[in-house]
Amino acid sequence: MVPVSRAFFARPAASVAQDLIGTILLVDGIGGLIVETEAYDHEDPASHSYAGRTARNASMFGPPGHAYVYRSYGLHWCLNFVSGVEPLGSAVLIRALQPMIGIEAMQLRRGVTAPKLLCGGPGRLSEALGVTGALDGHPLDEAPFLVLARERDVPVVCGPRIGISRATEMPWRFGLQGSAFLSRRFPDRAVPHAPARGRRCPSP
DNA sequence: CCCAAGATTGGCT
DNA sequence: GCCAATCTTGGGA
């Protein structure tokens, strides 16, 4: 398997989010298959970058291919991959993994054993992989990160994003169709979606 | 300065 | 299904 290039992230966030489904994310050798992502960009009222650059979101305005890690509700860490092209301010939130490598370590960090509860949700995923604010701004092609490109296309669905109150109509949540490791099910309306060369997810 | 809201989660009714 | 935990940010007084 081949690591993804930095150029992979220098595209619109929704494209990156879609193409990340089925790739493998490891942090210090622990991780699994990315099964759920969400895209955010600078024109998006739900995005941290919408109001411009602040101390918290500075990484979103840095070069693509780096991590943006922020604290959610003062409690949980959430991992994003900085993406997009000028004028920047885009990122992809990694919402769920199918655990594959280092499951025992994840269980220890999480304090639970059920596989679906290890990495099903952005806060859980960060805890299981040991991601904290210390990794904010860190390059994704350098240790401890390893992002491995998928070798085959996978069936992807898209739908509305979760946990936001603005721009809820934008279908910028992507998931591995049929995966048992999603943080939540997609609505039945969710559009089956061909990755890579397939059609784009409908824009608002 | 004060305060409400938030890209969440886990526990309890 | 409802709510608390916990703290940064942004908007209003």
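Here is the naming used below: chain letters follow the sequence lines, and residue numbers restart at 1 for every chain. Note that the coordinates shown come from a computational prediction; the quantities given were computed from them, not determined experimentally.
Ring orientation note: the planes of A:His138 and A:Phe145 are tilted relative to one another, at an angle of 30° to 60°.
Residue whose closest nucleotide on DNA chain B sits further toward the 5' end, between A:Ala46 and A:Val112: A:Ala46. Between A:Arg71 and A:Ser183, the residue anchored nearer the 5' end of DNA chain B, judged by the nucleotide with its closest heavy atom, is A:Arg71.
Counting atom types as modelled, A:Tyr73 pairs no side-chain N or O with a base atom of C:dA5 as donor and acceptor under 3.5 Å.
Note on A:Arg110: only backbone sugar-phosphate atoms sit closer than 4.0 angstrom, heavy atoms only; bases stay farther off. Within the 4.0 angstrom heavy-atom criterion, only backbone atoms of the sugar-phosphate kind lie near A:Arg95; the bases stay farther away. Looking at heavy-atom distances under 4.0 Å, A:Ile164 makes contact with sugar-phosphate atoms alone, never a base.
Salt bridge status for A:Arg150 with A:Asp19: present, with a side-chain N to carboxylate O gap under 4.0 Å.
In this structure, A:Arg6 is not positioned above the aromatic face of A:Phe9 in the sense of NZ or CZ being under 6.0 Å from the six-membered ring centre and within 45° of the axis. No cation-pi contact links A:Arg161 to A:Phe174, judged by a cut-off of 6.0 Å to the six-membered ring centre and 45° from its axis.
When each of B:dA7, B:dT9, C:dT9 is scored by its nearest atom to the side-chain atoms of A:Thr54, the top-ranked nucleotide is C:dT9. The A:His76 side chain lies nearest to B:dT8 when the options are B:dT8, B:dA7, C:dT9. Nearest nucleotide to the side chain of A:Leu75, out of B:dA7, B:dT9, C:dT6: C:dT6.
If you take CZ of A:Arg166 and P of B:dA7, they are 7 Å apart, rounded to a whole angstrom. One interatomic measurement links the two molecules: CZ of A:Arg53 to C1' of C:dT8, which rounds to 17 Å at whole-angstrom precision. Rounded to an integer number of Å, the gap from NZ of A:Lys116 to P of B:dT9 is 16 Å. The distance from atom CH2 of A:Trp77 to atom P of C:dT6 is 15 Å, rounded to the nearest whole Å. Nucleotide B:dA7 holds its P atom 16 Å from the CD atom of A:Glu36, rounded to whole Å. Between the OH atom of A:Tyr70 and the P atom of B:dG6 there is a distance of 13 Å, rounded to whole Å. Rounded to whole Å, atom P of B:dT9 lies 9 Å from atom CG of A:Leu125. For A:Glu127 and B:dG10, the CD to C1' distance is 11 Å, given to the nearest whole Å.
Partner assigned to B:dG10 is C:dC3, using Watson-Crick or G-U wobble distances below 3.5 angstrom.
At B:dA7, none of the side-chain N or O atoms of A:Ser47 fall inside 4.0 Å of OP1 or OP2 (strictly under the cut-off).
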### Task
Tell me, with the steps shown, if A:Arg173 and A:Ile162 meet side chain to side chain contact (heavy atoms under 4.5 Å, CB included).
CA-CA 8 Å; A:Arg173 175 181 178 228; A:Ile162 290 179; 3.4 Å; yes

